[in-house]
Amino acid sequence: MFAVAIGKIIHALPLPRRHSRRKVAMQRIKLSFWGLLALLSVLWLAADPSILQWTGYFAFRAAMVQHSGVIAMGCMSVAMILALRPRWPETWFGGLDKMYRLHKWLGIGALAFAVVHWLWAQGTKWAVGWGWLDRPRRGPRAALGAASGATPDNPVAQTFVDLRGTAEAVGEWAFYAFLLLIVLALIKSFPYRLFLRMHRLLPIAYMVLVFHTVILTKFAYWTAPIGWVLGGLLVSGTWAAILSLLGRVGAGRRIPGTICAVHAYPGLRVLEAEIDVPQGWPGHKAGQFAFAMSDAAEGAHPYTIASAWNEAEHRIVFVIKELGDHTRRLRNTLQVGQTVTVEGPYGCFTFDDECPHQIWVGGGIGVTPFIARMKYLAMHPERPRQAIHFFHTTRDYDEDAIAKLTADAAAAGVCLHLLVDGRDGQLTGERIRAAVPGWCNASIWFCGPTGFGQALRQDFATQGMPVEQRFHQELFEMR
């Protein structure tokens, strides 16, 4: 498959050292996004260089319709492939969270070029209808077919010409559906449950647009490199769409589990669920996350794993914050003995560096990866120790939860700094530096609100810390 070929090319690229993998994560997202647009544009231009010579508005418009359609479908196809959560690009991008950021960019890019494509196609018709442009002179239908490559000796091209009307009609309605689905996906306030259900319709819209593209793409393109690349993307994207419709996203990483313990912390509006995974779980590193599904109608939700892996016990712990309708219902719906499905592990937020000091900052429910890491350190006392300062900021307070967190920190040899917002005020870079004398030789691992992380990152950058190498923040946004 075309996707596998891309994967082999990516794996053949040289990987930088451990520190710089985080440094180049966003650069690789940008390189992949803009590189795809540039590659398709260059190949399209090579196949249709007539655009460089002005021969009239309608010829230019026809070329722009083709170009915008090629780019839109290229973006959609790669986005469909990434939606499968494939293993091969995860390490190269620095984690599934980075892959999802690229997936989101590709969706927005596809939307933008699809709108441009629609405007070129429909806008000209409006301009002609309103008298702003003179209607172009059209020759006989046979002549139009010949211009597209349809001749008595080329029945395939003639079939494409015969299907143009159907392809235009279904493509227009698929575009409207695609537009609606992408806009809803970008509205953060739109309920996740409804978002998931609506998002499942995208593969159908995509496959209709594949038919539209195959029929209406200039026939001569299919014998040129642009056609080979576009065809490979369409085939791979269609394959991904079919797997998505069959519910096979992440299927190779799914295992059954059973809830063996549930504990609520009302003061924090948090639920802790312990899941027994007796077979199939490959183990995980502290800081990774997984998708868990307890209700097939609701679908799988991502949660950071809040436990270290122990081969003797085969247990996974999730600490779940009540942030929406689904998570608020879990307190009443999760039961001991209930069967769940767990998919993973994912992510590269794994605390791997060689700095003598580490500074952890966990805001609210962002405490979970640090809980897992502390449990791992307590399980491996023989591991060489770094000096670790853990700053946990929280708006809510639960005495039992704080007692467990304090015990975990003591067992792991981690210096815990607890800040309750209403009592201790906000955590700032200045407060961190005052509490950690060796901060200039430390790495920072942040999990919490995105704006808070960006503010700390900027603050430490102004103090001379090479944040591109030492400030680690997971982009834990799956939509």
*Mind checking whether Gln335 and Val262 have side chains closer than 4.5 Å, heavy atoms only?*
no
*With a 4.5 Å heavy-atom cut-off, do Thr428 and Leu456 have their side chains touching?*
no
*Just by modelled atom types, is the Arg470 backbone N or O under 3.5 Å from a matching donor or acceptor in the Ser443 side chain?*
no
*Counterpart residues, side chain to side chain donor-acceptor pair (under 3.5 Å), relative to His117 (two or more places apart)*: Ser68
_Centroid separation under 6.0 Å, is that true for the rings of Phe452 and Phe446?_
yes
*Nearest 0.5 Å please: distance from the CG atom of Asp398 over to the CG atom of Leu268.*
4.5 Å
*asked:* Please tell me whether His357 and His389 form a close aromatic pair, meaning their ring centres lie under 6.0 Å apart.
replied: no
*Does Trp105 have any side chain to side chain donor-acceptor pair (under 3.5 Å) partners at least two apart in sequence or in another chain, and if so, which?*
none
*Start with the C-alpha distance between Asp353 and Gln358, add both sets of side-chain angles, then the distance that settles side-chain hydrogen bond (donor to acceptor under 3.5 Å, both in side chains), and finish with yes or no.*
CA-CA 9 Å; Asp353 67 36; Gln358 284 190 347; 3.1 Å; yes
*Ignoring hydrogens and angles, tell me if any N or O in the side chain of Arg254 forms a donor-acceptor pair with the backbone of Thr341 under 3.5 Å.*
no
*Can you name the residues that form a salt bridge (charged side-chain N to carboxylate O under 4.0 Å, His left out) with Arg248, not counting sequence neighbours?*
none
*Would you say Ser32's side chain and Arg28's backbone share a donor-acceptor pair under 3.5 angstrom?*
yes
*State, with a plain yes or no, whether a side-chain heavy atom of Leu40 is found less than 4.5 Å away from one of Val229.*
yes
*Could you tell me which residues satisfy side-chain contact (heavy atoms from CB on, under 4.5 Å) with Trp34, sequence neighbours excluded, listed by chain and number?*
Lys30, Leu37
*If you look at every heavy atom in Met379 and Trp309, which pair is closest and at what distance?*
CE-O, 3.6 Å
*His263 vs Tyr265 aromatic rings, parallel, tilted or perpendicular, using cut-offs 30° and 60°?*
perpendicular
*asked:* So that I know where these two stand, are Trp360 and Phe351 an aromatic pair - ring centroids less than 6.0 Å apart?
replied: yes
*Trace of the side chain to side chain contact (heavy atoms under 4.5 Å, CB included) decision for Ile316 with Asp276*: CA-CA 7 Å; Ile316 298 174; Asp276 183 28; over 6 Å; no
*Pair Glu399 + Lys404, salt bridge at N-O below 4.0 Å*: no
*According to the salt bridge (Lys or Arg N to Asp or Glu O under 4.0 Å) rule, which pairs have a member within residues 233-244, sequence neighbours left out?*
none
*Report the residues that fulfil salt bridge (charged side-chain N to carboxylate O under 4.0 Å, His left out) with Asp396, sequence neighbours left out, ordered by chain and then residue number.*
Arg269, Lys321
_Please enumerate all residues that pass side chain to side chain donor-acceptor pair (under 3.5 Å) together with Gln458, with sequence neighbours excluded._
none
*Among Leu418, Val367, Leu405, which one satisfies side-chain contact (heavy atoms from CB on, under 4.5 Å) with Thr394?*
Leu418
*Any side-chain heavy atom of Thr350 sitting closer than 4.5 Å to one from Arg373?*
no
*Point-to-point distance, once rounded to the nearest 0.5 Å, from OH of Tyr100 to CG of Leu82*: 9.0 Å
*In Å, rounded to the nearest 0.5 Å, how long is the span from CG of Leu334 to CZ of Arg329?*
11.0 Å
*Val342 side chain reached by Phe318 side chain, heavy atoms, under 4.5 Å*: yes
*Write down the atom of Gly171, the atom of Leu209, and the distance for their closest heavy-atom approach.*
O-CD2, 3.7 Å
*CD1/Ile359 to NE2/His472 distance, rounded to the nearest 0.5 angstrom?*
11.0 Å
*Has Arg395 got more than 12 heavy atoms of other residues, nucleotides or ligands less than 6.0 Å from its CZ?*
no
*Are side-chain heavy atoms of Ser41 and Ile71 found at a separation under 4.5 Å?*
yes
*Find out whether Pro203 and Met80 are in side-chain contact, i.e. whether some heavy atom of one side chain is under 4.5 Å from a heavy atom of the other.*
yes
*How about Tyr346 and Phe291: are their ring centroids closer than 6.0 Å?*
yes
*Could you tell me which non-hydrogen atom of Arg200 sits nearest to which non-hydrogen atom of Leu245, and how far apart they are?*
O-CD2, 3.8 Å
*With rounding to the nearest 0.5 Å, note down the distance linking CD1 in Ile388 to CZ in Phe370.*
10.5 Å
_Residues that Thr368 engages under side chain to side chain donor-acceptor pair (under 3.5 Å), provided they are two or more places apart_ = none
*Sort and list the pairs that fulfil salt bridge (Lys or Arg N to Asp or Glu O under 4.0 Å) and have at least one residue in residues 429-444, not counting sequence neighbours.*
Arg433-Asp459
*Check: Gln288 and Phe349 side chains under 4.5 Å, non-hydrogen atoms*: no
*Is Glu90 paired with Arg85 through a side-chain N to carboxylate O contact shorter than 4.0 Å?*
no
*Which pairs pass side chain to side chain donor-acceptor pair (under 3.5 Å) with one or both residues in residues 202-212, sequence neighbours excluded?*
Ser77-Tyr206
*Output yes when a side-chain donor or acceptor of His103 lies under 3.5 Å from a complementary backbone atom of Ala79, and no otherwise.*
yes
_Tell me every residue that passes salt bridge (charged side-chain N to carboxylate O under 4.0 Å, His left out) with Arg331, counting only those two or more places apart in sequence or in another chain._
Glu322
*Taking the inter-plane angle between the rings of His67 and Phe113 on a 0 to 90° scale, is it parallel (under 30°), tilted (30 to 60°) or perpendicular (over 60°)?*
perpendicular
_For Asp424, salt bridge (charged side-chain N to carboxylate O under 4.0 Å, His left out) partners two or more places apart_ = none
*Is a side-chain donor or acceptor of Glu343 paired with a backbone partner of Ile255 at a separation under 3.5 angstrom?*
no
*Side-chain donor/acceptor of His380 to backbone N/O of Leu377, under 3.5 Å*: no
*When you measure from the side chain of His392 to the backbone N and O of Gly362, does any donor-acceptor pair fall under 3.5 Å?*
yes
*Pairwise distance CD1(Ile365) to OG1(Thr304) - rounded to 0.5 angstrom*: 8.5 Å
